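Since the structure comes first, as structure tokens, the remarks are kept for the end.
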Amino acid sequence: MKPHPDLYLNGAWRPAEGDALIEVINPTDEQRIGHVPAATPADIDAAVRAARTALPAWSTTLPTARAAHLTALHDILTARKDEIAETVTAELGSPLPFSQAVHASLPIAVAASYAELAATHPFEEKAGTSTVHLEPIGVVGAITPWNYPLHQIVAKVAPALAAGCAVVLKPAEDTPLTAQLFAEAVHEAGVPAGVFNLVTGLGPVAGQALAEHPGIDLVSFTGSTAVGRQIGATAGAALKKVALELGGKSANVILPSADLARAVNVGVANVMSNSGQTCSAWTRMLVHSDRYEEAVALAATAAAKYGDRIGPLVNAKQRARVLSYIDKGIAEGARLVAGGTQPPRPQGYFVSPTVFADVTPDMVIAQEEIFGPVLSILRYEDEEDALRIANGTVYGLAGAVWGEEAEAVAFARRMETGQVDINGGRFNPVAPFGGYKHSGVGRELGTHGLGEFLQTKSLQF
Ligand code: NAP
Ligand code: MG
């Protein structure tokens with residue numbers, strides 16, 4: 001993937017207004033791999049105007065025509081799968097096999113799901129004497145993070161296009177090359193000029209200008225709770241719709257009836273994959289006091305095995321942030337049983353897979369999102385205690401329960417969270433994804449994700 005020196009605006013690569021640049025760094029070796037423009041508010045304005053101009057024609061195309069574009073987009077992404085994986089590995093640092101299996105494959109599956117939904121979704125419903133038309137919400141401002149760079153883009157842009165919306169995308173500054181590759185694919189798929197626009201830039205400049213722009217009808221944001229709260233407030237003041245996918249501190253609840261070794265091993269893998277930079281990671285493992293030490297020993301062994309397979313964190317700032325949480329855990333009196341703050345390699349933003357035992361629910365490391373390869377193991381005495389701990393954070397994005405199935409399901413139904421994997425249930429790209437409580441507003445993926453980009457019009461007869 002050769003970086004573009006331009007923004008993708010109104011169907012073509014065009015220079016940005018100013019000459020500010022974003023340097024793209026490979027987090028594995030800390031080498032500069034390219035640069036992209038850092039857009040100004042004037043560039044955002046141009047992109048929003050292009051999207052507004054394109055909206056009337058695009059929003060009235062037949063859903064089957066939009067489905068054809070999404071099918072073409074899916075086919076192009078599939079053909080460029082290796083290049084996607086290499087680009088994500090270069091700018092995010094994830095090991096190539098993980099980039100292939102997840103960073104490239106998952107968004108391809110999501111693109112396929114929306115190509116199908118665009119063709120099959122009933123954009124019209126009956127309600128008594130009314131016909132309800134599901135119409136596109138308008139121009140979408142999409143702001144995405146770096147942790148699953150292509151997935152986060154496709155999870156917004158594919159349903160937006162399926163719905164008949166036009167989009168301005170501001171991707172994360174750390175992973176703009178994946179976004180440029182996506183823009184090339186959209187172009188190749190023949191999506192009409194102005195329907196999709198890519199504006200690379202900094203969050204507090206380009207991102208904020210996009211969120212505040214009066215020409216945007218919906219802001220769809222994924223990232224930190226702090227920025228999400230700010231975007232929600234700005235959008236609220238303007239009476240604009242928002243969709244927010246924010247942080248998490250999910251619980252992995254291992255009931256006494258569980259296969260302990262499997263629950264612990266899958267749980268550790270879940271936290272360590274993508275170097276712990278997964279909003280839905282099960283970063284709190286809850287184990288009954290009778291089997292607590294056994295679980296701690298299994299987790300320490302499993303984490304140590306990850307030592308040389310784990311990728312770096314995305315940048316120096318994230319590494320510093322994660323290391324400060326490890327220091328905090330030690331200072332709070334948690335017991336370090338794997339990893340720690342010692343750098344595992346002399347170069348790159350690496351952090352050792354880290355496991356803390358004797359973590360209590362009130363500790364900072366049990367409450368705040370760390371966003372690194374750090375697992376906390378907490379002890380519970382009975383099911384009510386486990387439920388109190390599981391629900392005892394401001395977040396509610398995901399979770400897991402292990403145990404006899406009916407028991408596990410009953411427990412999951414009492415969890416304040418948007419998704420729960422029962423006994424290692426696999427990630428499902430059409431299941432609604434999103435948070436309870438401070439983990440967000442709205443849902444992505446599948447028909448629920450499509451619904452975020454639609455509004456209703458009722459005609460009475
Ligand atoms: P972030 O600042 O929330 O970044 C997410 C996106 O929002 C990026 O495109 C960012 O641009 C943009 N942005 C930043 N400030 C903005 C503003 N004032 N107005 C509009 N857009 C803005 O997250 P981060 O700094 O990359 O990571 C910090 C923490 O957020 C992590 O440690 C983690 O806890 C959490 N996080 C969560 C997720 C998730 O999937 N839920 C993903 C990433 C991070 P820039 O790239 O220029 O900053
Ligand atoms: Mg930021």
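Remember, it's a predicted structure, so these values are computed and weren't measured experimentally. Residue indices begin at 1 and follow the sequence shown. We use all heavy atoms of the structure for the numbers below, so side chains are in, but hydrogens, waters and symmetry mates are not. Whatever order the structure lists ligands and atoms in, that order sets their numbers, starting from 1.
- You'll find the side chain of L445 reaches within 4.5 Å of the side chain of H151, heavy atoms only.
- Ion pairing between K328 and E368 fails under the 4.0 Å rule for side-chain N and carboxylate O.
- Side chains of T278 and Y148: a donor on one and an acceptor on the other come within 3.5 Å.
- Close approach to L202 involves these atoms of ligand 1, each under 4.0 Å from a residue heavy atom: 47 (O).
- Close contacts of ligand 1 with T222, meaning ligand atoms under 4.0 Å from a residue heavy atom, involve 5 (C), 40 (O).
- Pairs of residues two or more places apart, or lying in two chains, never qualify as ring pair (Phe, Tyr, Trp, His ring centres under 6.0 Å) while including a residue from residues 20-44.
- Short contacts between ligand 1 and Q208, defined as distances under 4.0 Å to a heavy atom of the residue, involve ligand atoms 18 (N), 19 (N), 20 (C).
- Between F182 and L73, some side-chain heavy-atom pair lies under the 4.5 Å cut-off.
- The closest approach between any non-hydrogen atom of Y148 and ligand 1 is not below 4.0 Å.
- Between E452 and R443 there is no salt bridge, since no side-chain nitrogen of the basic residue lies less than 4.0 Å from a carboxylate oxygen of the acidic one.
- For ligand 1, the atoms lying closer than 4.0 Å to a non-hydrogen atom of W146 are 24 (P), 26 (O).
- No N or O atom of D174 sits closer than 3.5 Å to an N or O atom of ligand 1.
- The salt bridge (charged side-chain N to carboxylate O under 4.0 Å, His left out) analysis of residues 333-358, with sequence neighbours excluded, yields the pairs E293-R335, R335-D358, D358-R379.
- Taken from CG in L313 to CZ in F371, the straight-line distance is 10.0 Å, to the nearest 0.5 Å.
- The contact set between ligand 1 and E369, taken as ligand atoms under 4.0 Å from a residue heavy atom, comprises 33 (C), 34 (O), 35 (C).
- Among A281, C279, G247, the residue whose heavy atom lies nearest to atom 40 (O) of ligand 1 is C279.
- Using a 4.0 Å cut-off between charged side-chain N and carboxylate O, E245 and K156 make no salt bridge.
- Here's the thing with K317: none of its N/O atoms is less than 3.5 angstrom from an N/O atom of ligand 1.
- Residue Q230 has at least one heavy-atom neighbour below 4.0 Å for each of these atoms of ligand 1: 18 (N).
- Here T144 has backbone heavy atoms under 4.0 Å from ligand 1, and that is the only part of it that gets that close.
- Close contacts of ligand 1 with I231, meaning ligand atoms under 4.0 Å from a residue heavy atom, involve 20 (C).
- For ligand 1, the atoms closer than 4.0 angstrom to any heavy atom of G207 are 19 (N), 20 (C), 21 (N).
- The option with the heavy atom closest to atom 17 (C) of ligand 1, from among G203, P145, P171, is G203.
- With 3.5 Å as the limit, one finds a donor-acceptor pair spanning the side chains of D43 and T40.
- Note: L55 CG to C165 SG = 7.0 Å, rounded to the nearest 0.5 Å.
- Proximity of A211 to ligand 1, defined as any heavy-atom pair under 4.0 Å, is not found for any part of the residue.
- At least one N or O atom of L246, backbone or side chain, sits closer than 3.5 Å to an N or O atom of ligand 1.
- Counting heavy atoms only, K170 comes closest to atom 11 (O) of ligand 1 of the residues E173, Q277, K170.
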